[in-house]
Amino acid sequence: MHPQLSAVAAPRLGVFTSQEALRVGYRVEDIRAELGTRRWSRIRKGVYISRDRLVSADIRERHLMDCVA
């Protein structure tokens with residue numbers, strides 16, 4: 001993940017939006033590719049998290065991620 005996007009997402013438990021990804025240089029095709037290869041997971045429409053971060057989260061963290069989304 002782009003370092004700027006990681007910095008934006010870090011205070012929100014790794015949650016970020018498609019608009020934030022676009023702002024740091026990802027293209028729509030890049031976002032689709034990240035989702036297609038399962039490096040990113042969709043939490044809500046236009047709201048994502050890295051798959052690694054999601055998989056490593058416990059139940060409490062997953063609930064908080066869902067709230068942030």
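Worth knowing before you read on, the calculation uses all heavy atoms, side chains too, and leaves out hydrogens, waters and symmetry mates. As the structure is a computational prediction, the values presented were derived from the model and not from experiment.
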Student: Any chain of hydrophobic side-chain contacts (each under 4.5 Å) joining Val28 to Tyr48?
Tutor: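 Val28 clusters together with Tyr48.
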Student: Going through the distances and angles, do Leu13 and Arg53 end up as a side-chain contact (heavy atoms from CB on, under 4.5 Å)?
Tutor: CA-CA 8 Å; Leu13 302 170; Arg53 180 67 180 100; 3.9 Å; yes
Student: Check for me, please, whether Leu54 and Leu64 land in the same ILVMFWY cluster - side-chain distances under 4.5 Å, paths through other members count.
Tutor: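 Yes, because Leu54 and Leu64 connect within a single hydrophobic cluster, where side-chain heavy atoms sit under 4.5 Å apart.
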Student: Among Ile31, Asp30, Leu5, which one satisfies side-chain contact (heavy atoms from CB on, under 4.5 Å) with Leu22?
Tutor: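 When side-chain contact (heavy atoms from CB on, under 4.5 Å) is applied between Leu22 and each of Ile31, Asp30, Leu5, only Ile31 qualifies.
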Student: Do the side chains of Met1 and Phe16 get nearer than 4.5 Å, heavy atoms only?
Tutor: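 Touching, per the 4.5 Å side-chain cut-off.
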Student: At what distance, to the nearest 0.5 angstrom, does SG of Cys67 lie from CD of Glu61?
Tutor: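 Separation between the atoms: 13.0 Å.
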Student: So, the side chain of Tyr26 versus the backbone of His2: is there a donor-acceptor pair under 3.5 Å, distance only?
Tutor: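 Between the backbone of His2 and the side chain of Tyr26 there is a qualifying donor-acceptor contact (under 3.5 Å).
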Student: Are Ile49 and Val68 in one and the same hydrophobic cluster, where Ile, Leu, Val, Met, Phe, Trp and Tyr link if side-chain heavy atoms are under 4.5 Å apart?
Tutor: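 Yes, it is one cluster - the side chains of Ile49 and Val68 are joined through contacts under 4.5 Å.
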Student: With rounding to the nearest 0.5 Å, note down the distance linking CD1 in Ile43 to CZ in Arg62.
Tutor: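 So the gap between those two atoms works out to 10.0 Å.
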Student: Met65, Ile59: one ILVMFWY side-chain cluster at the under-4.5 Å cut-off?
Tutor: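 No, separate clusters.
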Student: State the CZ-OG1 distance between Arg12 and Thr17, to the nearest 0.5 angstrom.
Tutor: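 OG1 of Thr17 is found 6.5 Å from CZ of Arg12.
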Student: Considering all heavy atoms of both residues, which atom of Val47 and which atom of Ala69 are nearest to each other, and what is their separation?
Tutor: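 For Val47 and Ala69, the tightest heavy-atom pair comes out as CG1-CB, 3.7 Å.
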Student: Apply salt bridge (Lys or Arg N to Asp or Glu O under 4.0 Å) to the pair Arg39 and Asp52, showing each step before the final yes or no.
Tutor: CA-CA 7 Å; Arg39 284 188 293 256; Asp52 293 340; over 6 Å; no
